[in-house]
Amino acid sequence: GTWHRIESPEMKKIEVALDESRFLLETVFSSMNEAVAVLDKKGNIINFNEAFAHFCRYKNKEKCLKNINEFSKIIKAYTPDGKFMSVEEWPAVRGLKGETGFNNEFLIERTDLGKTWISSTSFAPLRDKYGDIIGVVQTMHDITERKKSEQERDRQAQLLNQVQDGIIGSDPNFRITYWNKGAEQMYGYSEAEALGKTTMELLHPLYGPGEREKIIDELNRCGIAKVRIRTKHRNGTEINAEVNSTRITDEIGNVIGYVVTYRDVTDRERAQTALKEAELKYRTVADNTYDFEFWLDSEGHYLYASPSCKRTTGYDANEFLLNPSLRHKIVHPDDKQIFVNHIKDEVSKKKPGELEFRIFHKDGGMKWIHHVCQSVNDENGKFIGTRGSNRDITERKRMEEALAKQHDELQTIFDTVPASIYYKDTENRFLRVNKSFTNMMNLSKEELEGKSLFDLYPKQQAEAFWRDDKE
């Protein structure tokens, strides 16, 4: 006889409901940003979304591997502290054993591609109606960029804690939300004690009538404000502070807080007085020197410039005294960065420093300067200024350039020799090659000099060439 399948309306409804459920599941899978995969008891990936394929560094689902054992051949996993994880420790395998995990972090390495990334993974076993494990579902999210951002945020916080100035962050009501180590040292309050307090109740700033309101109005209108006010240390000692405030806004312009830098300038006037007294003794000698002698205070302002500055730069002493930025302005653009870095070192290194750089003379010509300087400190070791000297070495530089030109001419002769010539060091690196050699090698001079045979040839061939060179 012949069997015929008879479909009842109830069976048809069940099949339609199943189809709708599958469609809904596929739609949810495909629309999720997180990588999702479902595995059966044997470790076969029976369902996953496009995000999972991308998470595993595949272009699409079709290219993606479908079994955990296959993945184990190209994937290595490590705990956050760098410990290698065996396959038995992988989230999917743990899920098949009945374990559950939420936002577990792992470092994943795709060995065939040489790529690594950090994953936040959640997993749980799948059970049938009898409670038996029939598979596992896991979701994964690539948090590599987030981790980089967190590391950068921590790095910036560490940098801010190295700053000697007090840096204070606050909300729109000036309630403290950030308090760096500089603020702690300057005012005597720990971070825990400062957070949540207002700057008024903690620092006790002394304002004149209506002064505070005027400063806040300027800050909110202009975005920045710079003032000098008296504040108080925890022990009651007054601190004269130079205060720089910056308004912080959201994307639509609403004020969400302020960042304020406090610099203790209490000792500045005392230091400047000490410098001026020393300057009187120094001036007698310096006024009669050939080189451009100078004296700067702790803020980089000229306290003294010898008359010879006019011979060196074309500018007289008063021009430097009245315009502190002039010494930066006349520096050649290509040398500005090394000049700025040198100035920073004046304070930090507290030992003699020197530098050669170019300036533009007032007549428009270019001069080479040999600069030497020494930081000046008071009896307590506090930096109070810089004493230095600038010498015109333009003629010496011209002689050096002439020598360099002669060297270039010799190189030209070297390059015209038809034979292939090269020099190597004891590490098998090309130090100098002529044009004939570059033509023979079909490589440029830049591609050869500084490179060894091992950079240019397979190891076995390079070793053979190297043996020939030694012989």
Side-chain angles (χ1 to χ4, degrees), residues 159-169 176 178-191 193-194 199-200 202-208 211-212 215 224-246 259-283 286 293-305 320-325 327-328 340-353 373-388:
L159 288 175
L160 289 177
N161 276 329
Q162 301 303 314
V163 177
Q164 291 184 350
D165 292 342
I167 300 177
I168 300 174
I176 297 169
Y178 177 78
W179 181 267
N180 79 332
K181 291 291 183 182
E184 182 176 320
Q185 293 170 2
M186 186 171 173
Y187 287 105
Y189 296 99
S190 68
E191 180 183 21
E193 291 173 310
T199 51
M200 286 293 292
L202 202 67
L203 308 184
H204 305 288
L206 302 176
Y207 295 104
E211 184 181 5
R212 181 171 185 266
I215 294 170
I224 57 173
K226 182 176 180 178
V227 296
R228 185 176 295 184
I229 57 176
R230 285 184 295 167
T231 57
K232 287 189 177 182
H233 187 275
R234 180 176 193 157
N235 62 14
T237 303
E238 284 194 359
I239 297 175
N240 291 333
E242 188 176 83
V243 182
N244 291 278
S245 304
T246 302
V259 175
V260 187
T261 301
Y262 290 78
R263 175 170 292 179
D264 187 348
V265 295
T266 308
D267 297 330
R268 183 181 296 176
E269 291 183 1
R270 187 187 310 153
Q272 289 176 341
T273 299
L275 274 174
K276 288 179 180 179
E277 291 174 355
E279 182 210 340
L280 292 174
K281 300 175 184 178
Y282 170 77
R283 184 188 297 272
E293 306 292 326
F294 64 89
W295 196 301
L296 305 172
D297 68 12
S298 60
E299 297 299 312
H301 300 129
Y302 279 93
L303 297 175
Y304 171 77
F320 283 99
L321 293 173
L322 296 174
N323 184 5
S325 65
R327 70 169 179 154
H328 293 269
V340 170
N341 292 342
H342 173 78
I343 291 173
K344 292 178 180 177
D345 288 343
E346 288 179 359
V347 180
S348 61
K349 292 189 176 180
K350 296 183 179 180
K351 61 181 181 180
C373 65
Q374 169 69 59
S375 64
V376 180
N377 306 292
D378 63 16
E379 63 276 8
N380 298 316
K382 181 179 177 61
F383 173 74
I384 57 174
T386 303
R387 180 259 184 246

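When a residue number appears, it is its place in the shown sequence, counting from 1.
Contact of the Arg327 side chain with the Ile343 side chain is registered, since non-hydrogen atoms from C-beta on lie closer than 4.5 Å. Looking only at side-chain heavy atoms (C-beta outward), Ile176 and Tyr189 stay at 4.5 Å or farther from each other. Contact check for Arg230 versus Asn240: side-chain heavy atoms found under the 4.5 Å cut-off. The shortest side-chain heavy-atom distance between Leu203 and Ile168 falls under the 4.5 Å cut-off.
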**OP:** Determine, stepwise, if the pair Lys181 / Glu191 fulfils salt bridge (Lys or Arg N to Asp or Glu O under 4.0 Å).
**Re:** CA-CA 8 Å; Lys181 291 291 183 182; Glu191 180 183 21; over 6 Å; no
**OP:** Before giving the answer on side-chain contact (heavy atoms from CB on, under 4.5 Å), spell out for Glu242 and Lys226 the whole-Å C-alpha distance, their side-chain angles and the decisive distance to 0.1 Å.
**Re:** CA-CA 7 Å; Glu242 188 176 83; Lys226 182 176 180 178; 4.0 Å; yes
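Across all non-hydrogen atoms, the minimal contact from Pro205 to Thr199 is CD-O, 3.7 Å. Counting all heavy atoms, side chain and backbone alike, Leu321 lies closest to Ala305 at CD2-N, 4.5 Å. Smallest separation of non-hydrogen atoms from Gly300 and Pro324: O-CB, 4.3 Å.
To the nearest 0.5 Å, atoms CZ (Arg387) and CZ (Phe294) are separated by 8.0 Å. Rounding to the nearest 0.5 Å places CD1 of Ile384 at 7.0 Å from CG of Asn377. The distance from atom NZ of Lys232 to atom CD1 of Ile239, rounded to the nearest 0.5 Å, is 11.5 Å. For the atom pair NE2 of His301 and CG of Asn323, the computed distance is 10.0 Å after rounding to the nearest 0.5 Å. The distance from atom CG of Asp297 to atom CG of Leu303, rounded to the nearest 0.5 Å, is 5.0 Å. Atom CH2 of Trp179 and atom CE of Met186 lie 9.0 Å apart (nearest 0.5 Å).
When only modelled atom types and interatomic distance are considered, Tyr262 and Thr231 share no side-chain donor-acceptor pair under 3.5 Å.
Legend: residues meeting side chain to side chain donor-acceptor pair (under 3.5 Å) with Glu193, ordered by chain and number and at least two apart, are Ser190, Arg234. Residues that satisfy the side chain to side chain donor-acceptor pair (under 3.5 Å) test with Arg263, not counting sequence neighbours, are Asp165. Remark: His233 engages Asn235 in a side chain to side chain donor-acceptor pair (under 3.5 Å) (not counting sequence neighbours).
Remark: Ile224 CD1 is loosely packed, at most 12 non-hydrogen atoms of other residues, nucleotides or ligands lying under 6.0 Å away. Within 6.0 Å of CD in Glu211 there are more than 12 heavy atoms belonging to other residues, nucleotides or ligands.
Test Thr386, Leu296, Asp345 against Cys373 for side-chain contact (heavy atoms from CB on, under 4.5 Å) and you get one pass: Thr386.
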